[in-house]
Each structure stands twice: as structure tokens, then as C-alpha cells.
Student: 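Sharing a structure with you now.
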Number of protein chains: 4
Amino acid sequence: MSGTSPNNSGSSAGRPRSEQAHQAILDATLELLVEGGYSALTVEGVASRAGVGKATIYRRWASKLPLIVEAFGGLPGFEDCDTGNLSDDLKRMLGRYLEVFNTTALSAVLPSLAGERFHNDELSTLFEPVSMSRRRPLIDALERAQERGELSREIDLELAADLVVGPIAVALFFKGGRLKPEMVGPMVDLALRGLRA
Amino acid sequence: MSGTSPNNSGSSAGRPRSEQAHQAILDATLELLVEGGYSALTVEGVASRAGVGKATIYRRWASKLPLIVEAFGGLPGFEDCDTGNLSDDLKRMLGRYLEVFNTTALSAVLPSLAGERFHNDELSTLFEPVSMSRRRPLIDALERAQERGELSREIDLELAADLVVGPIAVALFFKGGRLKPEMVGPMVDLALRGLRA
Amino acid sequence: MSGTSPNNSGSSAGRPRSEQAHQAILDATLELLVEGGYSALTVEGVASRAGVGKATIYRRWASKLPLIVEAFGGLPGFEDCDTGNLSDDLKRMLGRYLEVFNTTALSAVLPSLAGERFHNDELSTLFEPVSMSRRRPLIDALERAQERGELSREIDLELAADLVVGPIAVALFFKGGRLKPEMVGPMVDLALRGLRA
Amino acid sequence: MSGTSPNNSGSSAGRPRSEQAHQAILDATLELLVEGGYSALTVEGVASRAGVGKATIYRRWASKLPLIVEAFGGLPGFEDCDTGNLSDDLKRMLGRYLEVFNTTALSAVLPSLAGERFHNDELSTLFEPVSMSRRRPLIDALERAQERGELSREIDLELAADLVVGPIAVALFFKGGRLKPEMVGPMVDLALRGLRA
DNA sequence: TCGTAAGCGAGACGGTACGTCGAGTCTTGCT
DNA sequence: AGCAAGACTCGACGTACCGTCTCGCTTACGA
């Protein structure tokens, strides 16, 4: 992923970095993110919670941001689900995702990162591939539907995926309220049928 | 706007608050937001840029956040447009908004605020009405379409609005790329027709 | 706003520095120096003992050293004493000084500063005048003795002063033992008579 | 010198300690002491300069301090000189010492150690015998003078030695200027004759 | 001749203090 | 009263060393 593998190519001298400390740091980061959100996350707090010196953190991550990105990367994304029917696929994937979202640090981490990346090229670079790979299963489901003839060949799948998850993004960023799993059904139906149906 | 009017309920002794300083502060806030984003915005920076003492800022806003929210509130939102046709209404509104978005501080401010509100109840409360009122013209256009019979009476207009702006939100937060006005046409068409069209 | 008001150049804008904080810092420095010596003195400790933020310290002193120099400057030096007789003058001055030395932070501060100045030009510059002014009363007493005819006109007073305080310096730096007031009598006698007497 | 001999009492298994590393460490210590003084000396710096691991240093010396003391112990002290005449003995010894002083690390190391020992009992204990043994030749010369009848039997030789080197100590610690060999003649003469001569 | 035991350079470990910066508050003298 | 200026306390930042602890070698000895 990034420069975090404990034994860098060929290099071997010196005591190797502790995989245990690494994980403790990531765990502590996620815990604190859940407890207080991005703005309450301090490197000192992470160090203390993980039982680790600050230097051990800064040795691995240049700053708070890449640390959060990596912690974020360990969180679950969409989980593919192939029922042979697009509507069901989407409803299950989104439903499951929302559950995960509401029970993990995801809901705390994602908006912060998304907001911050705008002003932070480094974060942007780090975040890009993580963000993209998370959408993958969604695109896959749409491709399968296209192959089955459920969807026109002309449809831009990227745009289609955006349309499907769009209402979630809007709710997330502009409405702030918790995202309820019951929203998923009508949401997917509307996206499939269109407003004018 | 909010509780910032310079002459509070009848009280009058002493020197009145300077309207000029007020505006200078708001302007400086927006400028700095554009330049460095949320995380680089400091009250000290605002004070210095506005040629104002810090106390003058804290006398009007309880903290950094309400200041940013008010500055944000001064930025343009959707501008209503009634062509008698939903597709055209939406395309024009979204197209115009994107233009505004790309030429003002909006693109810098919005994601930051949206990201931060999640961990900050105070901000959330402040942000809510501002955020809602910005969506208003969109909902209005959808209502008109419903009255004209273009849209079914059963449709949840909130959800419909989310579907329409959803792809913009996704592009904004997860793809990070600038939002191009050309995207608007296909986006609206797809939302109106639905994926299965 | 202001306009053309001729501000007193440099001196007056803003809240003035707290004389109280200043003194609290100096006091805390001396206390901690007495308790743990130079190497145990931390700026953080001083701040906490003085009930002051670190920034308040760094606003006044560029680093630990100038702070110590100033604290040192507040400690008493030789106190002039004119009995009309060189031997008595010297014995009293040295005796009194040793008392002061053994009951204040002086014994902790002086050797550290003396040792450090060798590698620290800034400190050297700061320390020079303080150090010199402390010797002054000694030189004065020697001058009076010269005027009375007790001492030859040919004698280099600087060297003479060095000879008189020399044994103290030696005891201080190389023997480390506490300096006993009883040493003063024989010391001065020997310096006046010379080894070969 | 101390407990640093590489082959400890009989035990022998394993690789013996490298005498070469030992010396490289001592040399590096002295070099760095000359360059930046006590406060700038870091064990990490010594290790790096000596091309040695930190553990190799800590295996031999319990901490920074004993290392410095041992390095200091390797520097030259007074060198005895017996001309049959006290004045000449002293002038030569002091003169030679000053030369050595000005051309070796001594001038950098001595003040730092002397200053630090005051706050550091461990250092003090370590430093004591080293410091004392360096004065030895001076005391010897004074004893010889006493035996020859040049000096009264009543004189306290310790005090006499202090008087002789006193001005050097003063110049060193309080005047900071380099010590010039020309000072030696008048200095010794004055100490021998006394101020009142 | 080989295993064992210690030493080796390198560098990560948990800590503590550094000197800096910003938040939000307070205190000057002016307007 | 409000104002610009700037000092105040507090607390996090990212860095540098301390003294300790592995790593994977290397080097001698004694079985």
C-alpha cells in the first residue's frame, strides 16, 4: 500500500519494526476516531492509547493524515453480492454497507478524509486508490447486469454507480443524520426506475 | 443573518460595533479558506488579514466554527430557474451552480464543513438550516414538475433531489476531480430515465 | 479607526508583559536550580512551577540559558566593606560571599554557566558583564589599599583579585566540596604574605 | 583505569571486546567535546562518529558521564619538573600546562565537567580521583620546596597549591579569555611574594 | 571443526523535553 | 462600550536524545 511494510526491499540492518506496535497504533487511531472524531484525534492521544512513543508513530507515518488513511484502509468497503438480479444486488450491498458504516469508525473517518483531501495533495494521492477500490464491487454488479441485458450497453457505469450511491453521499454530507438501512429500498428503486417512471 | 446584528435589542451605551470590521472578517475568512482550506484557517490569520483584533472576532462569534458557517452562508447556492420543463430546469440550475462552485470559495469550504460537522455537534446545528435552504430551489422545481404532472405524486421529493445532486456529491467527495459542467446533461437524463430505461 | 495618531514608537501597543509572571519565572528557575541543579532544570518544569505557559517564557528568553543568566543576575555578589584595613575587608567580603553562596542557588548556577560559556558565544556575551560587575567591590577594596599605601603601586589589581579569589574558584571547580567560611582567614593571610613569607 | 579492561577476571567465552572500538569511542568523545562542549555531546553522536553501535558504548560505560570522565582521564595533566627551585618549578609546570591546555581538548572539556559535577553526584564521585591526581605534581613540587627550606613547614600545601593555580582557574571560568603563557611569570611571582610584598 | 556464547553495527523501542504554534481569554490605551 | 494590539494559559505539534531492546552478523574459545 504505502511505505509501511516493516522490511523495506533488501534493507535488513537494525531491529525490525514491531508489527505489534503498528497494529496497536492503527487500532488506537480507529478507536479515538470513533470516540471523538477527526478534530479530536491527537497523535499524542494515539501514542498513549497504543502504549507507544510518539517517535514510533512518526517513524511510520509522516503526519496524522497518512496514519488515518491507512487506518481507514483497514475498514471494510462494499462487499460484492451476486444474486442474479441487479435490484437485489444493490439493495443488499448498500444495506450491508450501511450496517457496517454505522457500527464502525467509517462514519467518523470518511467525511473527514473526503473534506480534507481538497486542500491536501498528499492526502489526495493517498486517498485516491483506496477510495476507488472501494467502489469496485458496485461497478462489478452493474457490469454483470449489463451482461445479463438488464442494463443498456450505452450506460456509463461510473455515472450509474454515482447515481446509486449519490443519495447516500448527500445524506452523509449534507444532512448529517444517521443513514438508515430502510432508506436503501426506495433509493435503489428510484435510481432504477428514474424520476419520471 | 444570525445573532450578529450590530445593535442588540434596545441596548445602546458605548460605541457601536463596526459593520466594516464585520465584513472584513467574513471576507478574510473566505479568502483564507480558498487559499488553504479548513485545516489551514486560523483565527489569528483571519484577524491579521482583516486588520482586526482577535477580540473583535470573538465578540461576534463564539468560536471558529460559527464564523466559518456564517461566511459560508454568504456564498451563493442554487438559483431557481423555471422553464416549464423539469429537465431544463435541473440542467440549468446544476450547470449554473457548478460554474459558481468552480469560481468561488464554495469548492474549498463546502467539503471541509461537511466533513467536520460529523464530529462537531455545534457545527452540525449551525450548518443544518443553511444547508437545507440551499436545496430549496431544487425541491421547488421538483414540486412544480409534480404539479404539472411531469412527476408522479407518489415520489418522495427529498429523495428525488438527493438522486439528482447525488452524482455531484460523489464526484466532489470521492473522486476529488474538478466538476465539469458537461457532466450535467447526462447526469440529469440518467436520473430522470433511471438506469433501466 | 485610528488614522494619524502618533504612536509612541515601539513601546506601548497591546497588553503589557506581566511583571508578576516575569518574577514568578525567575523565582521558579532559582528554586528548581537549587533543588535539582542545572541538568535537572527543564523549561517545562519552570513553567509549571511558576504557573505560567511555556510561551510566556520563550517570549522573554530565547532559551534556557539566558533565562538562567538573568536569574543568576538577581543573586547577590560581593558586597563592599570598608574597614580601613585590606585584610579585614577581604576576609569580611569573602566570608559574607561564602555564606550567601552556600544558602542560595549561586552554588548551583555559577559553575554551570562558567562551564557552558565556553561553547556558547551568546551565553558568553550575556555572562561577561554580569561576571565582571560582581568582581568590582573586590577591585575597589584593593584600590583603596593601594591609596592607603598598603599595596605597592606596581601591583596589577586584576591579578591581585584573581589571587585572592583563586583558591575559592579552585575549591569550587576542582574539589567540589562545599566551601567553608573558616577557609577564608588562612586563605587571605596566605595571599597577602605570599608562600615564601 | 576503571572497570573497562576488555578481559574480565577469568571469564572468557564469546567474542572479546574490541579494543579498537573502545579507543574510537574515547577519541570521538573528545572530538565532539571540543567541537560543541558538554551540552552538545550526545551518545548517538559519539556512536556515529566512532562508527560504533550505541550498545557498544553502553556495554562499557553505564552512561554518558563515566564515558566523558574516562575520556578526560586520558588527557595530560601537570607534568612534574624538578629544577631545585620552587619558582622555576612552578613557572615551568604551569607554562607547560597552559601550552598543553591550549592545544588539546582540555580547555573544552575541563570547564564543562567542572560545571556539571556540581549537580551530579555520580560525576562528582568519578571526577574526584582524576582531578586530584592531576594536582599531584604541583603538591610534590611544594613538598620538595618545604624540604629544602624554601617554604615554611607550617604552610598548608593544599591551600598553597590552590593559591598558585587560583588565578588560572579564575581566568578560565570567569574571564573566558584564552589563557596566555606570559601570565605565568607574574602570577607565580605574586603568589610567592604575596600582595603586600 | 564445529557449536556456543558473547560482541558487533544498525536501528526501532517507550519516554521526556524541546521550542513553536494556535485557541480562546484578558488587559492595555485609544476612539 | 468598541477597537487594534498583543500577552496570557493551555495543550498539541513534530524533533532529538536517552538508555534499552532486538535483528542478523562476526569472532574466538573449548569440546
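Residue numbering restarts at 1 for every chain, and letters A, B, ... go by the order of the sequence lines.
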Student: C:Trp61 CH2 to E:dT20 P: how many Å, rounded?
Tutor: 15 Å

Student: Got more than 12 heavy atoms from elsewhere within 6.0 Å of CD, B:Gln23?
Tutor: yes

Student: Just to verify, what does C:Arg49 make a salt bridge (Lys or Arg N to Asp or Glu O under 4.0 Å) with, not counting sequence neighbours?
Tutor: C:Glu31, C:Glu35

Student: Answer whether the closest heavy-atom distance between the side chains of B:Leu30 and B:Leu75 falls below 4.5 Å.
Tutor: yes

Student: Using a cut-off of 4.0 Å between protein heavy atoms and nucleotide atoms, how would you tag nucleotides 8-14 of chain F 5' to 3' with B, S and -?
Tutor: BBB-SBB

Student: E:dT31 P sits how many Å from B:Gln20 CD, rounded?
Tutor: 17 Å

Student: What is the distance, rounded to the nearest whole Å, between atom CG of B:Leu32 and atom P of E:dA23?
Tutor: 11 Å

Student: Taking salt bridge (Lys or Arg N to Asp or Glu O under 4.0 Å) as the definition, give me every residue that meets it alongside A:Lys54, ordered by chain and number, with sequence neighbours left out.
Tutor: A:Glu44

Student: Find out whether A:Phe72 and A:Val130 are in side-chain contact, i.e. whether some heavy atom of one side chain is under 4.5 Å from a heavy atom of the other.
Tutor: yes

